[in-house]
Structures are given as C-alpha cells and as structure tokens.
Q: 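Can you read through this structure? Questions will come right after.
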Amino acid sequence: MNNLGFNLFKALLLVAGEGFIGMVFFILFAFVIAVSALSFILVESGGSLFIVVLLLAVINGFILYWINRWLFPKFSISNQVQTLCEYIIQWLLIYVTVYQDLFNNLDSFLKLAELSANDFGKWDLTHPSVLTLLVLPSLISVWVGIILYKTKEDTI
C-alpha cells in the first residue's frame with residue numbers, strides 16, 4: 001500500500017507536468033494560428049472554433065506521445081502509474097464539467113435549491129445541467145469505490 005501512495009504522487013506529478021507542457025504547446029500553436037494566415041483558413045473560412053481546438057488537442061497528443069516514448073522508459077514509469085494518470089485526468093475532466101455547468105447555470109441551481117422536498121414535482125430533472133450535477137458526481141463515487149477496491153486487491 002505504501003508503494004501505491006508513492007505511485008499516486010508520481011502520477012500527480014506526471015499529470016501536472018504533462019498538463020503544463022500541453023498548455024504551453026496549446027498556447028504556442030494558438031498564437032501561431034492567430035498571427036498567421038492559418039487563422040483565416042481554419043476559422044474565418046467557415047470552419048468552427050471547436051474543430052480548431054480539437055485539431056490542436058490532437059497535435060498536442062501526438063507531441064506528448066513522443067515525449068512519453070522517451071520519458072516512460074527513462075524514468076521507469078510503471079503501468080500502475082500510467083493507469084493512475086488516466087484516472088486523475090478523467091476525474092479532473094468530470095470535475096471541470098460539473099464546475100463549469102454549476103457556474104454557467106448558477107441562477108437555475110439557486111432556484112432549484114429553494115424548492116423543498118414537497119415541491120419535488122417542480123424540479124426539472126430533464127434539464128442537462130441538473131442531469132450533469134446528478135450523474136457526474138455519482139459516477140465519480142462509483143469510480144472511487146471501484147478504484148479503492150482494485151487498490152486493496154492490488155489489481156491496478
């Protein structure tokens with residue numbers, strides 16, 4: 001179990017380091033696109049900003065792949081650390097989604113919070129924001145339970 005704590009620490013450092021490198025490359029590529037003719041070609045000629053961001057994310061992924069091909073063997077990054085990195089990234093993505101949804105729709109949530117249990121019929125449980133706040137935290141809970149079990153059984 002002590003080794004797992006150290007591996008979790010290594011995974012946190014790896015995610016933070018690669019996240020920083022990914023952000024630097026993303027900003028660099030976005031700047032190059034903004035000051036070049038690529039801006040007109042990618043965005044202003046009918047393309048969407050989503051596609052540009054997706055393209056930059058994929059390019060960053062390939063760069064980080066080549067960095068990882070050197071980094072993982074050099075520093076003996078185990079499969080367990082890589083799995084923990086994946087979990088950390090997935091948890092952060094879910095957390096950021098809930099956080100963004102909460103603050104984008106704060107008015108709706110404050111109104112929902114004012115409803116009592118007797119007014120349950122008035123709750124709009126089909127609203128995407130409400131679903132996000134109900135489903136994603138529960139998925140995180142299930143995930144944590146599974147990971148803790150796999151950690152106890154030493155199967156991560």
Q: Treating Ile, Leu, Val, Met, Phe, Trp and Tyr as nodes and any side-chain heavy-atom pair under 4.5 angstrom as an edge, say whether L55 and I63 lie in one connected cluster.
A: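 Shared cluster, yes.
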Q: Decide yes or no on side-chain contact (heavy atoms from CB on, under 4.5 Å) for F25 and I59, but give the supporting numbers first.
A: CA-CA 9 Å; F25 281 129; I59 291 170; over 6 Å; no
Q: When rounded to the nearest 0.5 angstrom, what is the spacing between SG in C85 and CG in N79?
A: 11.0 Å
Q: With sequence neighbours left out, write down each residue that passes side chain to side chain contact (heavy atoms under 4.5 Å, CB included) with W70, or none if nothing qualifies.
A: K74, F75
Q: How many angstroms lie between atom CG of L13 and atom CG of L8, to the nearest 0.5 angstrom?
A: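 Those atoms lie 10.0 Å apart.
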Q: About how many Å separate CG of L12 and CG of N7, when rounded to the nearest 0.5 Å?
A: 11.0 Å
Q: Holding to side chain to side chain contact (heavy atoms under 4.5 Å, CB included), I want the full list of residues that pass it with L64, two or more places apart in sequence or in another chain.
A: E18, I21, I67
Q: Of the non-hydrogen atoms in I77 and V81, which two are nearest, and what is the gap between them?
A: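 Closest pair (atom of I77, atom of V81, distance): CG2-CG1, 3.7 Å.
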Q: Taking all non-hydrogen atoms of both residues, which atom of A11 and which atom of L84 are closest, and how far apart?
A: CB-CB, 3.7 Å
Q: Applying side chain to side chain contact (heavy atoms under 4.5 Å, CB included), name anything that partners I27, two or more places apart in sequence or on another chain.
A: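 I27 satisfies side chain to side chain contact (heavy atoms under 4.5 Å, CB included) with no residue once adjacent residues are dropped.
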Q: Can you list everything that forms a side chain to side chain contact (heavy atoms under 4.5 Å, CB included) with L54? Sequence neighbours excluded, please.
A: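 Only F50 meet the side chain to side chain contact (heavy atoms under 4.5 Å, CB included) criterion with L54.
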Q: What's in the same ILVMFWY side-chain cluster as V58, cut-off under 4.5 Å, chained through other members?
A: F62
Q: V32 and M23: same hydrophobic cluster, using ILVMFWY side-chain contacts below 4.5 Å?
A: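 No; M23 is not reachable from V32 via cluster members.
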Q: Take L71 and L14 through the side-chain contact (heavy atoms from CB on, under 4.5 Å) test and state the conclusion after the steps.
A: CA-CA 10 Å; L71 183 76; L14 189 62; 3.5 Å; yes
Q: When clusters are formed by joining ILVMFWY residues with side-chain heavy atoms under 4.5 Å apart, either directly or through shared neighbours, do V24 and F29 land in the same one?
A: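 Result: no, two separate clusters.
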Q: Ignoring hydrogens and geometry, is there a side-chain-to-backbone donor-acceptor pair from N60 to G22 under 3.5 Å?
A: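 Here the side-chain-to-backbone pair exists.
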Q: So do I89 and E86 actually touch side chain to side chain, heavy atoms under 4.5 Å?
A: no
